[in-house]
Colleague: 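This is the structure I have questions about; it appears just below.
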Amino acid sequence: MNCTFDHVRPEEIRSGEPDDALIELLGVTKTYGQGASAFEALSGIDLRVEEGEFVAVMGPSGSGKSTVMNLLGCLDTPSSGIYKFQGVQVERLSRDQRALLRRHFLGFVFQGFNLLARTTALENVELPLLYRNRPASERREAAGQALDSVGLAGWETHTPAELSGGQQQRVAIARALVTQPLVLLADEPTGNLDSQRGREIMELLRSLNRDRGITVLIVTHDPDIAAYANRIVRFVDGQIESDTSTQRARR
């Protein structure tokens with residue numbers, strides 16, 4: 001597929017070749033530093049993720065799990081190897097092209113919510129559409145629909161300080177969904193929540209994957225959280241130790 005990303009059109013990515021995986025890593029390495037201080041965070045990993053999967057990425061601190069999520073999210077580039085997003089070699093793209101890919105096709109959910117403190121829930125969710133220069137009326141409508149989809153209809157005018165931790169994370173998920181991404185990347189999405197709120201967030205992510213077909217990849221250290229996924233990839237010392245389907249995925 002020939003796509004330069006100079007002017008990203010969603011249909012160019014969404015219509016990849018039939019044999020293209022949504023995400024594919026081939027022999028990817030990532031090294032930080034040089035010489036004696038160099039640290040190899042990833043050591044030639046291969047990973048293929050099909051559209052509609054729900055994948056949990058696990059591993060101890062320093063295993064490479066956060067590094068691989070940064071690469072998948074176009075927040076960093078491999079030192080060597082190939083990263084394909086529906087057939088497009090991401091490592092060959094310029095910084096601006098990677099930003100366009102990220103803006104149009106990826107949604108991010110972080111442990112710390114990253115909401116603007118003095119801004120309403122609706123305005124927080126609108127933000128990605130503001131960067132796309134969408135008209136105000138279109139932004140408000142889309143943000144309202146996204147909040148409704150995560151169970152927050154009626155909370156549009158509340159600021160983060162007026163919301164519980166679970167509600168704040170729902171706002172963050174709505175913000176990630178408002179651009180209708182192909183992939184949702186979540187880094188420890190329940191890390192700042194109690195167990196009950198954490199289960200609610202995971203049930204939400206599971207329903208978005210099951211009912212809307214959004215591909216979900218989460219980083220987690222918690223086996224109970226990982227069990228919501230259909231597949232668990234474990235990293236150790238910059239390599240994939242195991243890659244297994246799970247029968248414990250919640251339906």
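Everything numeric in this text was worked out from a predicted model, so none of it was measured.
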Colleague: Any Lys/Arg nitrogen of Glu241 or Arg234 sitting under 4.0 Å from an Asp/Glu carboxylate oxygen of the other?
Modeller: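 Arg234 and Glu241: not salt-bridged.
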
Colleague: Quick check: are there more than 12 heavy atoms from other residues, nucleotides or ligands sitting under 6.0 Å from OH of Tyr32?
Modeller: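 Check passes, neighbour count above 12.
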
Colleague: Work out which heavy atom in Ala117 is nearest to a heavy atom in Pro160; give both atom names and the distance.
Modeller: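 Heavy atoms only, the tightest pair is O-CD, 3.4 Å.
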
Colleague: Does CD belonging to Gln34 count more than 12 external heavy atoms closer than 6.0 Å?
Modeller: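 Atom CD in Gln34 is not crowded, with 12 or fewer foreign heavy atoms closer than 6.0 Å.
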
Colleague: With no hydrogens and no angle check, do the side chains of Asp187 and Gln111 hold a donor and an acceptor under 3.5 Å apart?
Modeller: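 Looking only at side-chain atoms, Gln111 and Asp187 do not form any donor-acceptor pair under 3.5 Å.
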
Colleague: Side chains of Val171 and Phe113, heavy atoms from C-beta outward: is any pair under 4.5 Å?
Modeller: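 They are not in side-chain contact.
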
Colleague: Flag the pair Glu50 and Arg48 as a salt bridge only when some basic side-chain nitrogen lies within less than 4.0 angstrom of an acidic carboxylate oxygen.
Modeller: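 Looking at Glu50 and Arg48, the cut-off is met.
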
Colleague: If I compare all heavy atoms of Val236 with all of Pro60, which pair ends up nearest, and what's the gap?
Modeller: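 Shortest heavy-atom contact: CG2-CD, 4.5 Å.
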
Colleague: Are Glu156 and Leu147 side-chain neighbours, meaning at least one heavy-atom pair lies under 4.5 Å?
Modeller: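 In contact.
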
Colleague: Are Trp155 and Ile201 joined in one hydrophobic group, where the rule is that I, L, V, M, F, W and Y side chains link up if heavy atoms are under 4.5 Å apart?
Modeller: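 Yes, same cluster.
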
Colleague: Measuring only between side-chain heavy atoms, which start at C-beta, is Thr77 closer than 4.5 Å to Arg98?
Modeller: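 The answer is yes, as the side chains (C-beta and beyond) meet within the 4.5 Å cut-off.
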
Colleague: Could you tell me whether Glu126 and Arg140 make a salt bridge, using a distance below 4.0 angstrom between a side-chain N and a carboxylate O?
Modeller: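 No, no charged N to carboxylate O under 4.0 Å.
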
Colleague: Got a donor-acceptor contact below 3.5 angstrom from the Asn124 side chain to the Thr120 backbone?
Modeller: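 Yes; judged by distance alone, with no hydrogens or angles, the pair exists.
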
Colleague: Please tell me whether Leu26 and Met69 are part of a single hydrophobic cluster in this structure, the criterion being side-chain heavy atoms less than 4.5 Å apart.
Modeller: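 No, Leu26 does not connect to Met69 through the hydrophobic network.
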
Colleague: Do Leu217 and Phe54 come within less than 4.5 Å of each other through their side chains, counting heavy atoms only?
Modeller: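 Result no, sub-4.5 Å side-chain heavy-atom pair not found.
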
Colleague: I want to check something: taking the side chain as every heavy atom from C-beta on, are Ile82 and Val28 in contact at a cut-off of under 4.5 Å?
Modeller: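 SC-SC contact between Ile82 and Val28 ruled out.
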
Colleague: Do the side chains of Asp20 and Lys84 get close enough for a salt bridge, i.e. N-O under 4.0 angstrom?
Modeller: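 Salt bridge flag = no for Lys84 with Asp20.
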
Colleague: Taking all non-hydrogen atoms of both residues into account, name the closest pair between Cys74 and Leu101 and its distance.
Modeller: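 Cys74 and Leu101 have their closest heavy atoms at SG-CD2, 3.7 Å.
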
Colleague: How many angstroms lie between CG in Leu106 and CG in Leu72, if you round to the nearest 0.5 Å?
Modeller: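 Result: 8.5 Å between the selected atoms.
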
Colleague: Taking atom types as modelled and ignoring hydrogens, do the side chains of Thr29 and Ser79 form a donor-acceptor contact shorter than 3.5 angstrom?
Modeller: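 The answer is no; no qualifying pair exists.
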
Colleague: Can a donor-acceptor pair be found, under 3.5 Å and without considering hydrogens, that links the side chain of Arg175 to the backbone of Gly107?
Modeller: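 Such a contact is absent between Arg175 side chain and Gly107 backbone.
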
Colleague: State whether the side chain of Thr215 and the backbone N or O of Gly52 hold a donor-acceptor pair below 3.5 Å, judged by distance alone.
Modeller: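 Yes, the answer is positive, given that a donor and an acceptor are paired below the 3.5 Å cut-off.
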
Colleague: When rounded to the nearest 0.5 angstrom, what distance separates CG in Asn114 from CD in Gln169?
Modeller: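 The CD atom of Gln169 is 9.0 Å from CG of Asn114, to the nearest 0.5 Å.
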
Colleague: State, to 0.1 Å, how close Leu177 and Arg212 come at their nearest heavy-atom pair, and which atoms those are.
Modeller: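 Shortest heavy-atom contact: CD1-NH1, 4.0 Å.
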
Colleague: Does Thr159 reach the side chain of Thr119, with side-chain heavy atoms less than 4.5 Å apart?
Modeller: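 The answer is no; the side chains never approach within 4.5 Å.
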
Colleague: Testing the 3.5 Å rule here: is there a donor-acceptor pair between the side chains of Arg170 and Gln167?
Modeller: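 Note: Arg170 and Gln167 side chains miss the donor-acceptor criterion.
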
Colleague: Whether Glu200 and Arg197 form a salt bridge (side-chain N of Lys/Arg under 4.0 Å from carboxylate O of Asp/Glu) is what I want to check.
Modeller: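 Here Arg197 pairs with Glu200 in a salt bridge, since their nearest N and O are under 4.0 Å apart.
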
Colleague: With the 4.5 Å side-chain cut-off for hydrophobic clustering, are Leu115 and Leu204 part of the same group?
Modeller: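 Shared cluster, yes.
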
Colleague: Spell out, as yes or no, whether a donor-acceptor pair under 3.5 Å connects the side chain of Asp243 to the backbone of Val233.
Modeller: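 No, because the side chain of Asp243 does not come within donor-acceptor range (under 3.5 Å) of the backbone of Val233.
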
Colleague: Check whether the side chains of Tyr228 and Asn209 place a donor and an acceptor atom closer than 3.5 Å, and report yes or no.
Modeller: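 Side chains of Tyr228 and Asn209: no pair found under 3.5 Å.
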
Colleague: Supply the atom-to-atom distance Glu40 CD to Asp237 CG, rounded to the nearest 0.5 angstrom.
Modeller: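 Reported to 0.5 Å precision, the distance equals 10.5 Å.
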
Colleague: Measuring from Arg206:CZ to Glu203:CD, what's the distance to the nearest 0.5 Å?
Modeller: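 Result: 9.0 Å between the selected atoms.
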
Colleague: Identify the heavy atoms of Thr246 and Ala229 that sit nearest to each other, and give their distance.
Modeller: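 The answer is CG2-O, 2.6 Å.
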
Colleague: I want to check something: taking the side chain as every heavy atom from C-beta on, are Val57 and Ile232 in contact at a cut-off of under 4.5 Å?
Modeller: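 Val57 does not reach Ile232 side chain to side chain.
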
Colleague: Quick one: CG on Asp76 to OH on Tyr83, what's the gap to the nearest 0.5 Å?
Modeller: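 Reported to 0.5 Å precision, the distance equals 12.0 Å.
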
Colleague: Do Gln97 and Val90 make a side-chain contact, defined as non-hydrogen atoms from C-beta onward lying under 4.5 Å apart?
Modeller: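 No; the side chains remain at least 4.5 Å from each other.
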
Colleague: The test is side-chain contact (heavy atoms from CB on, under 4.5 Å); show your working for His104 and Thr179 and say whether it passes.
Modeller: CA-CA 7 Å; His104 283 269; Thr179 58; over 6 Å; no

Colleague: Could you walk me through whether Val68 and Leu25 pass the side-chain contact (heavy atoms from CB on, under 4.5 Å) check?
Modeller: CA-CA 10 Å; Val68 78; Leu25 301 180; 3.6 Å; yes

Colleague: Drop me the distance from Leu100's CG to Ser94's OG, to the nearest 0.5 angstrom.
Modeller: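 Between Leu100 CG and Ser94 OG, I get 8.0 Å after rounding to 0.5 Å.
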
Colleague: Which heavy atom in Thr31 sits nearest to a heavy atom in Gly33, and how many Å separate them?
Modeller: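 What the structure gives for the nearest pair is CG2-O, 4.1 Å.
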
Colleague: Any link between Leu208 and Leu152 through a network of hydrophobic side chains (Ile, Leu, Val, Met, Phe, Trp, Tyr) touching at under 4.5 Å?
Modeller: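 Yes, Leu208 and Leu152 fall within the same hydrophobic cluster.
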
Colleague: Quick check: does any side chain N or O of Arg134 sit under 3.5 Å from a backbone N or O of Leu129, one acting as donor and the other as acceptor?
Modeller: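 Looks like no, no N/O pair under 3.5 Å.
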
Colleague: Indicate, with yes or no, if Leu22 and Leu75 share a hydrophobic cluster defined by side-chain heavy-atom contacts under 4.5 Å among Ile, Leu, Val, Met, Phe, Trp and Tyr.
Modeller: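 Same hydrophobic cluster.
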
Colleague: With a 3.5 Å distance limit and no angle check, can you tell me whether Lys65 reaches the backbone of Met58 through a side-chain donor-acceptor pair?
Modeller: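 Not confirmed, Lys65 side chain does not pair with Met58 backbone.
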
Colleague: Please identify which of these residues, Leu205, Val219, Leu184, Ile225, meets the side chain to side chain contact (heavy atoms under 4.5 Å, CB included) condition with Pro189.
Modeller: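 For Pro189, the side chain to side chain contact (heavy atoms under 4.5 Å, CB included) test succeeds with only one of Leu205, Val219, Leu184, Ile225, which is Leu205.
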
